[in-house]
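Okay, so here's the structure we're looking at.
Just so it is clear: chains get the letters A, B, ... in the order the sequence lines come, proteins before strands, and each one is counted from 1.
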Amino acid sequence: MKLGRPAQVLLVEDSPFLRYAARAVLQRRGYDVLEAADGQEALDLLARTRPDVILLDLVMPRVSGEEVLRALKNNPELARVPVVMLSPEPDSETGTALAGQVEGWFDKARMSLVHLADRVEAVLNDRRVA
Amino acid sequence: MTRIPAPPGDGQRFPVLFEHTSDIALVVDADGAVRDLNPAAERLLGFKRNDVVGHSLLEFIAPEHRADVAAIPQRMGPGAELETEVELVSRSGDRIVLDARTVPVTRPGRATEYHWIARDRTRRKLAEERVRAAQDVSNDFVAAVSHQLRAPLTVIKWSLELAANTPGIGPEVKELIAGSQSAAEELIRVSTDLLNYARIDEGDTPFTYEQVDLGALTWKVLRDLRWFASAQRHQITVGTAGQDASALSDPIPLSQVMQTLLGNAIRYTPPGGQINVGIMGERDSVVWSISDTGPGIPAGLLERVFDQFADVTGSGVGLYIVRRLVERLGGSAWVESAPGEGSTFAVRIPRSPSQVAPSTDAEAA
C-alpha cells in the first residue's frame, strides 16, 4: 500500500446494488473505492490506475472476470495486484486453472458485508508484511 | 471344456416352444453359419428363414460387435453358456440390442453347435437412455434455477445487513430485520444444497487430488462461518489427536462436507452451545468428527438421516450430499445421537484415494 493515501479497492461487479452495498461498507472502513460494472470497464480503469486490491466478479456481461484476470496476469505492471474473486469457488477444473492466480474466492451469497471488508483488510495486511 | 450333451430326440423336444416363443432362438454351427432360426428371429431380422440359413451369423451382427461374437466359442469357459450383449442389424438397417445367451451343444460324432437364445432389449435400452437424459435435464434445470436465485438472495441479504446497521432504528425494527435475515440465510442454504445436489451426479467432474491438511482446512472453513457462529454465541473448539491429519484428497468437496456439518451444528444448536471438532489421524485414514450440544436426533430418523430427502433440515439433501461426497472420496460417514444428548457426525477420509473404503455400516454405532 502506498503511504499518504487510503488504500484503493477496485470493485468489479455487474449488480448495481451489490456495488452500492459493498462500496458503502468499504468506504466506512476508510477505503477509496473505484467501481466497474463489467470486465470492459475494469480494463479501461486499469489502463490508467493501479489499485491496491481488486474484487472481481466471475460472470459478467461483455468481458468476464476470467478474461480480466488473464489480462492482469499478462501485464507486468498489474500482475502482482491481489485479486479476490467475488464468486463461489468453482468446480475442480476451473478452480485448478485459476488457483495460484487469485488471492481467494468470496461466495457473496454465503458471506456478509462485514466479512467482505475483513477480507480486504486481511489481503492488504498480508501485502504490507510481504 | 465341458459340453452340454444334446437333449434326446435330436433337439426336437420342445418344437412348439421354439416356434412360438417371443424370444429369439438361433442355431449356429461350428463354422459360424446359421443352421436354423425361429419365427421370432425372422420377424426381428426382417428376413425369411431361407435368406438366413447357410449364411454366416456375422452378416447380421453390427460391424463393431463382430469380433466379439466371432470370439464367443473361445470365450466360453468350463460349464459353458455365455451371456453377452450384442447388436444385430435388421433388413431395414435398424439396430437391435440383444441380451444373448449362447449354449454350446455337442452331439456324438458331430461338431459342436451353438444355440442362441436372445431377448430384444432395444426398447428397454432406449427407455433407460431417455430416463437418464430426463434426469440430466432436470439436474441442469435445478442447477440453473438455484444459481439464478443466488444473485437476488445476495441483494436481500446485503440490504438487510446494511439496514440492520443503520443508526437510530428501534428494537422492533431490529427484530423484523433479524427475522428476515435468518429467512434469507435459510433460502441461500437451500439454494446451495440444491445446486450441490444437482451437480453431485455429474460424473464428468473428476476430483483433483492433492495433499490436504484436514486441520488447516477446518480452520479455513471456520473462518468463513465465524460471523455466523459468533451471532449464535457458540463455543467452538478444534482438537487434533493421533498421527498427522493430512490426506491425499480433494479440498473442494472436503470443505463442502465440513461447511455442511459445521453449518448444521451451528444452526441447530441452541444459542450459547458447545461445538467440538475432533480430528483423529489413524494409520490409513483421518477421522473428522463434530459434536454439538443440540437437541439430538430421534432413533427413528437416525438410520435414515443420510438418505435422500430424509434429512428433515433445510432442503433435505444436505446430509445426503455429505454422504455421497465422502463415499466418492473413498470414505464413509456416520452419526451417533440421542434426543437431548446432542449429535456427533463423523467422516472417515482415506489417506489416499486408492485405499479401500471401510463400509458405512461397519462404522454405525
Any donor-acceptor pair under 3.5 Å linking the side chain of [X] with the backbone of [Y]?
X        : Y        : answer
B/Lys157 : A/Lys108 : no
B/Trp158 : A/Tyr20  : no
B/Glu161 : A/Val114 : yes

Side chain, backbone, both or neither: which part of [X] has a heavy atom under 4.5 Å from chain A?
X        : answer
B/Ile188 : side chain
B/Glu210 : neither
B/Ser191 : neither

Residues, nucleotides or ligands: over 12 heavy atoms within 6.0 Å of B/Gln211 CD: yes
I need the [X] [atom1] to [Y] [atom2] distance, nearest 0.5 Å.
X        : Y        : atom1 : atom2 : value
A/Ser112 : B/Leu160 : OG    : CG    : 12.5 Å
B/Glu185 : A/Arg110 : CD    : CZ    : 9.5 Å
A/Phe17  : B/Thr154 : CZ    : OG1   : 10.5 Å

Results of side chain to side chain contact (heavy atoms under 4.5 Å, CB included) for A/Lys73 - residues two or more places apart only: A/Leu69, A/Gln101
Heavy-atom proximity to chain B below 4.5 Å, by part of A/Val25: side chain
Inter- and intrachain pairs under salt bridge (Lys or Arg N to Asp or Glu O under 4.0 Å), touching residues 142-153 of chain B, at least two apart: A/Asp107-B/Arg150
